[in-house]
Amino acid sequence: MLGYPAMNRSLREKDPPRRCNRDMRKQTWEQKGLSYAGELAEQNFADLRSILQWNLAHDIGFYRCSSTLVPWNSAFDIADLPNFERIRSLARDCGKLVKSNDMRLTFHPSHWCKLASESEDTVARSVESVTHHGRWLDMMDLPRSPRYAINVHIGAHYGDKDATADRFCDVITGLPARARERLTVENDDTESLWGVEELVDSVAARINVPVTFDYHHHTFTSRGLTYREGFNLARNTWGEIRPITHYSEPASLHGDTSARPQKHAESVATLPEWLRKESDVMVESNGKEQSVLSVRED
DNA sequence: TGGCGTCAAGGTTGC
DNA sequence: GCAACCTTGACGCCA
């Protein structure tokens, strides 16, 4: 399967626009509070259902939902929203669509989520973040499995990778099951951070968390492994579950010669056949769903 | 209504 | 030690 993240450009341009990433700023949260958060969440879940229906109609079985599905959820318990029952009903609709059509729905909490941080407060906020992502998947009645992944980065080294891996493993082990049993960890795109081999050795082998192989990120953290070798290492951490990989191409090879090498291109042109055959591929490009449709035609 | 400055959160790197 | 950067869209003020 091929998939895309967050925004569906076709539905975003409709009138009214369909999108599941309505958000609010701090000031608005402080002024309008729970009831407005509930309104946004309800609209987001309703539009998530529309996006999944659109995906189904276009034979796209894989989708990564925005983390602003429930804006400011770190500040309240979702069950306290005044329209919680309506939200839960919409969530169940979404889950039914996913399950009955063998689709795959995942999340990717933002780079603020630092589960291996040296700061207790930061860890607590990060734990809360992955936990409420797990709560949303529970509300959709989706199984607690990396098939419906909550994918994170370690995203830092704190000057001591061994100690960082220890903290990461400890925190993951102590997570509530709704997050722990869905968690996956992805290689970083910065040389000093975490490559596939390091994640396999320091995390997957110890606490059985699958490694998401990001093809483009591997360019920066390969540690001498080919793409194929990197993928093979990650694949073996997934057990019976079909692995998820991320694929994108650098903007610098698509004409944007001044772009930093990490930047994603608008589209993808040379998705390797072996990657597609052996994994479900999240296509990360600015073209979003259009990139999936066009790469599939090739 | 359109344009545009700004946005909760962490951490690394460059100057 | 401080500022820029990540990622990038979307919020929301203001003319």
Side-chain angles (χ1 to χ4, degrees), chain A residues 4-34 36-37 39-41 43-44 47 51 64-76 107-133 151-161 163-165 167-168 171 186-195 214 216-217 219-221 246 248-252 256 258-267 282-291:
Chain A
Y4 65 95
M7 185 168 58
N8 177 307
R9 293 192 181 280
S10 312
L11 292 175
R12 181 71 183 82
E13 286 161 17
K14 271 194 173 333
D15 187 23
R18 302 251 186 243
R19 61 196 183 96
C20 60
N21 62 344
R22 292 173 186 81
D23 199 358
M24 60 182 147
R25 298 202 172 177
K26 185 177 186 181
Q27 192 184 7
T28 308
W29 159 245
E30 286 169 351
Q31 285 168 355
K32 299 192 173 178
L34 268 188
Y36 188 56
E39 281 176 39
L40 295 180
Q43 290 176 310
N44 284 340
D47 284 359
I51 290 170
R64 181 204 299 161
C65 181
S66 161
S67 286
T68 59
L69 181 64
V70 183
W72 285 86
N73 198 171
S74 53
F76 56 85
F107 286 101
H108 194 4
S110 81
H111 61 280
W112 305 111
C113 180
K114 298 286 193 224
L115 289 161
S117 176
E118 295 174 296
S119 148
E120 279 183 28
D121 286 350
T122 301
V123 172
R125 276 192 289 271
S126 303
V127 166
E128 168 54 32
S129 173
V130 293
T131 303
H132 69 238
H133 282 82
N151 182 55
V152 298
H153 289 269
I154 297 182
H157 55 60
Y158 308 92
D160 182 343
K161 278 195 166 169
T164 301
R167 283 196 306 277
F168 187 77
V171 170
E186 177 183 342
N187 52 325
D188 288 301
D189 71 352
T190 299
E191 199 280 333
S192 65
L193 300 184
W194 296 83
D214 187 305
H216 184 40
H217 294 178
T219 310
F220 308 94
T221 50
H246 293 177
S248 57
E249 292 169 14
S252 51
D256 186 355
S258 64
R260 56 193 287 278
Q262 282 90 346
K263 188 175 182 203
H264 294 171
E266 283 293 319
S267 60
M282 175 61 50
V283 176
E284 295 181 323
S285 83
N286 294 335
K288 304 293 181 188
E289 84 286 358
Q290 298 302 327
S291 295

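Every chain is numbered from 1, with letters handed out A, B, ... down the list of sequences.
Using modelled atom types, no side-chain atom of A/Asn151 and backbone atom of A/His108 make a donor-acceptor pair closer than 3.5 Å. Although no hydrogens or angles enter the test, the distance criterion places no donor-acceptor pair under 3.5 Å between the side chain of A/Thr221 and the main chain of A/Glu191. A distance-only check finds no donor-acceptor pair linking the side chain of A/Trp29 to the backbone of A/Leu34 [under 3.5 Å].
Atom CG of A/Leu40 and atom P of C/dG9 are 20 Å apart (whole Å). As rounded to whole Å, 14 Å separates atom C1' of C/dT7 from atom CG of A/Asp214. The interatomic distance linking A/Met24 (CE) with B/dA9 (C1') rounds to 15 Å, in whole Å. One interatomic measurement links the two molecules: NE2 of A/His111 to P of C/dC6, which rounds to 11 Å at whole-angstrom precision. Atoms CH2 (A/Trp194) and P (B/dT12) sit 11 Å apart, rounded to a whole Å. Rounded to whole angstrom, the span from the NE2 atom of A/His153 across to the P atom of C/dC6 amounts to 15 Å. Taking atom CG on A/Asp121 and atom C1' on B/dA8, their separation rounds to 14 Å, with Å as the unit. Across the protein-nucleic acid pair, A/Leu115 atom CG and B/dG10 atom P stand 13 Å apart, rounded to whole Å.
Ring centroids of A/Tyr36 and A/Trp72 are separated by 6.0 Å or more, keeping the two rings apart.
Salt bridge status for A/Arg64 with A/Glu284: present, with a side-chain N to carboxylate O gap under 4.0 Å.
Comparing C/dC11, B/dT13, B/dG11 by their closest approach to the side chain of A/Tyr158 singles out B/dG11. Taking the side chain of A/Leu193 as heavy atoms from C-beta on, and the options C/dA10, C/dC13, B/dT12, the nearest nucleotide is B/dT12. When distances run from any side-chain atom of A/His264 to the nucleotides C/dT8, C/dA10, B/dG10, the shortest one goes to C/dT8. The listed nucleotides are C/dT7, B/dG10, C/dA10; the one nearest the side chain of A/Met7 is C/dA10.
Using the Watson-Crick or G-U wobble rule with both distances under 3.5 Å, B/dA9 pairs with nothing in any strand shown. Base-pair partner of C/dT7: not found among the strands shown (Watson-Crick or G-U wobble, both distances under 3.5 Å).
Between the P atoms of C/dC14 and B/dA8, the separation comes to 16 Å (whole Å). For the P atoms, the distance from C/dC5 to B/dG5 is 16 Å, rounded to whole Å. Between B/dT6 and C/dA3, the two P atoms lie 15 Å apart (nearest whole Å). Rounded to whole Å, the P atom of B/dG3 lies 28 Å from the corresponding atom of C/dT7. B/dC4 and C/dT8 have their P atoms separated by 22 Å, given to the nearest Å.
Per the stacking criterion (ring centres < 5.5 Å, plane angle < 30°), A/Trp72 stacks onto the base of B/dA8.
One finds a side-chain N or O of A/Arg125 lying less than 4.0 angstrom from the OP1 or OP2 phosphate oxygen of B/dG10. Between A/Arg22 and C/dG9, a side-chain N or O to OP1/OP2 separation shorter than 4.0 Å is absent. Applying the 4.0 Å criterion to OP1 and OP2 of B/dT12, one finds that A/Ser192 has every side-chain N and O outside that range. Phosphate proximity of B/dT12 to A/His157: present, with a side-chain N or O under 4.0 Å from OP1 or OP2. Put simply, A/Ser117 has a side-chain N or O that comes within less than 4.0 Å of OP1 or OP2 on B/dG11. For the pair A/Asn21 and C/dA10, the criterion of a side-chain N or O lying under 4.0 Å from OP1 or OP2 is met.
In the displayed structure, A/Gln31 atom CD is contacted under 6.0 Å by more than 12 heavy atoms of other residues, nucleotides or ligands.
If you find the closest nucleotide of DNA chain C to A/Arg25 and to A/Asn286, the one lying nearer the 5' end belongs to A/Asn286.
Side-chain contact between A/Leu11 and A/Ile51: present, with at least one pair of heavy atoms (C-beta onward) separated by less than 4.5 Å.
Counting distance only, with no hydrogens placed and no angle test, the side-chain atoms of A/Ser129 and the base atoms of B/dA9 include no donor-acceptor pair under 3.5 Å.
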